[in-house]
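Read through the structure below, which is laid out as structure tokens, and then see the notes.
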Amino acid sequence: TQLLEQSPQFLSIQEGENLTVYCNSSSVFSSLQWYRQEPGEGPVLLVTVVTGGEVKKLKRLTFQFGDARKDSSLHITAAQPGDTGLYLCAGGVTSYGKLTFGQGTILTVHP
Amino acid sequence: DTGVSQDPRHKITKRGQNVTFRCDPISEHNRLYWYRQTLGQGPEFLTYFQNEAQLEKSRLLSDRFSAERPKGSFSTLEIQRTEQGDSAMYLCASSPQRGSGSKNEQFFGPGTRLTVL
């Protein structure tokens with residue numbers, strides 16, 4: 001059974017601060033996705049990483065896949081209130097089939 | 001591309017009743033997934049279709065749950081004899097076989113929130 005552990009579970013910060021969310025596993029994943037979810041809505045795909053050591057940037061968000069493809073991180077620079085939401089990492093063992101999700105990080109950015 | 005749609009968005013039912021949810025995937029996405037999400041948790045995989053074939057089912061999918069995708073397009077998820085523990089958000093996702101699908105990128109619908117009283 002593949003498990004993804006996300007930390008921290010809750011993050012409350014002031015606008016302008018930086019933050020990092022971690023996603024760790026003992027399993028190797030062929031791909032890892034990061035999603036953002038707002039209350040009452042489905043997760044929205046932010047990025048997919050597939051290569052060990054890969055770094056992807058999406059405006060103020062930086063995503064990294066670990067060299068061994070077992071862990072990932074999401075770094076947000078100069079957080080804004082609009083970044084508030086639930087951030088989920090999800091891994092796939094194969095290039096199709098089920099995704100295993102972490103339990104999520106609830107981020108609140110205060111103005 | 002209108003995205004994945006789910007119907008209804010909300011369903012309130014009494015314990016013991018049957019409920020059915022519908023998912024319409026992004027057109028030409030041949031892979032379709034159902035997940036369940038409870039408060040404070042990430043989504044948990046329920047089942048997966050490639051075209052009309054149901055290829056994988058989670059142990060979470062008890063005998064009271066059944067999913068179909070008869071024509072390889074929309075899918076339905078039925079829960080029989082609902083229990084209070086079935087209260088959750090039921091999410092549907094779809095993925096193409098090629099392109100982003102080769103990286104297992106799944107695109108989610110807005111979900112159906114089920115409340116069992």
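All values below were derived from every heavy atom in this structure, side-chain atoms included, with hydrogens, water molecules and symmetry-related copies excluded. Each chain gets a letter, A, B and so on, in the order the sequences are listed, and its residues count up from 1.
With a 4.5 angstrom heavy-atom cutoff, A:Leu86 touches chain B only via side-chain atoms. With a 4.5 Å cut-off on non-hydrogen atoms, A:Thr48 touches chain B through its backbone and its side chain both. Residue contact with chain B, scored on non-hydrogen atoms closer than 4.5 Å, involves the side chain of A:Gln37 exclusively. Using a 4.5 Å cut-off between heavy atoms, B:Glu44 does not touch chain A at all.
Residues B:Glu105 and A:Leu45 form a side-chain contact, since some pair of their non-hydrogen atoms from C-beta on lies under 4.5 Å apart. Side-chain contact between A:Leu88 and B:Gln41 is absent, with no heavy-atom pair separated by less than 4.5 Å. Residues B:Pro43 and A:Leu99 form no side-chain contact, since every pair of their non-hydrogen atoms from C-beta on lies 4.5 Å or further apart. The closest side-chain heavy-atom distance from A:Tyr96 to B:Arg31 is below 4.5 Å. Proximity of B:Gln106 to A:Gln33: side-chain heavy atoms (C-beta onward) are nowhere separated by under 4.5 Å.
Contacts with chain B were tallied for A:Pro43, A:Gly92, A:Gly42, A:Gly97; A:Gly97 has the most, counting heavy-atom pairs under 4.5 Å. Among A:Ser30, A:Gly40, A:Cys89, the residue making the largest number of heavy-atom pairs under 4.5 Å with chain B is A:Gly40.
Side-chain heavy atoms closer than 4.5 Å link hydrophobic residues (I, L, V, M, F, W, Y) into clusters, and following such links, possibly through other members, connects B:Leu91 to B:Ile26. B:Trp34 and B:Met89 fall into different hydrophobic clusters, where Ile, Leu, Val, Met, Phe, Trp and Tyr side chains are chained together by heavy-atom contacts under 4.5 Å. Two different hydrophobic clusters hold B:Tyr33 and B:Leu46 under the rule that ILVMFWY side chains link at heavy-atom gaps under 4.5 Å. The same ILVMFWY cluster, assembled from side-chain heavy atoms under 4.5 Å apart, contains both A:Phe63 and A:Leu19.
The pair A:Glu41-B:Arg113 fails the salt-bridge criterion, with no side-chain N (NZ, NE, NH1 or NH2) lying under 4.0 Å from an Asp/Glu carboxylate O.
More than 12 heavy atoms of other residues, nucleotides or ligands lie within 6.0 Å of CD in B:Glu52, so this atom counts as buried by the packing criterion. The neighbour count for B:Ile12 CD1, taken as heavy atoms of other residues, nucleotides or ligands under 6.0 Å away, does not exceed 12. Around NZ of A:Lys56, the count of heavy atoms belonging to other residues, nucleotides or ligands within 6.0 Å exceeds 12. Within a 6.0 Å radius of CZ in B:Arg64, other residues, nucleotides and ligands contribute more than 12 heavy atoms. No more than 12 heavy atoms of other residues, nucleotides or ligands shown are found within 6.0 angstrom of OH on A:Tyr22.
Proximity of the aromatic rings of B:Phe45 and A:Phe101 is defined here by a centroid distance below 6.0 angstrom, and this criterion is not met.
In this structure a side-chain-to-backbone donor-acceptor pair under 3.5 Å is missing from B:Asn104 to A:Ser31.
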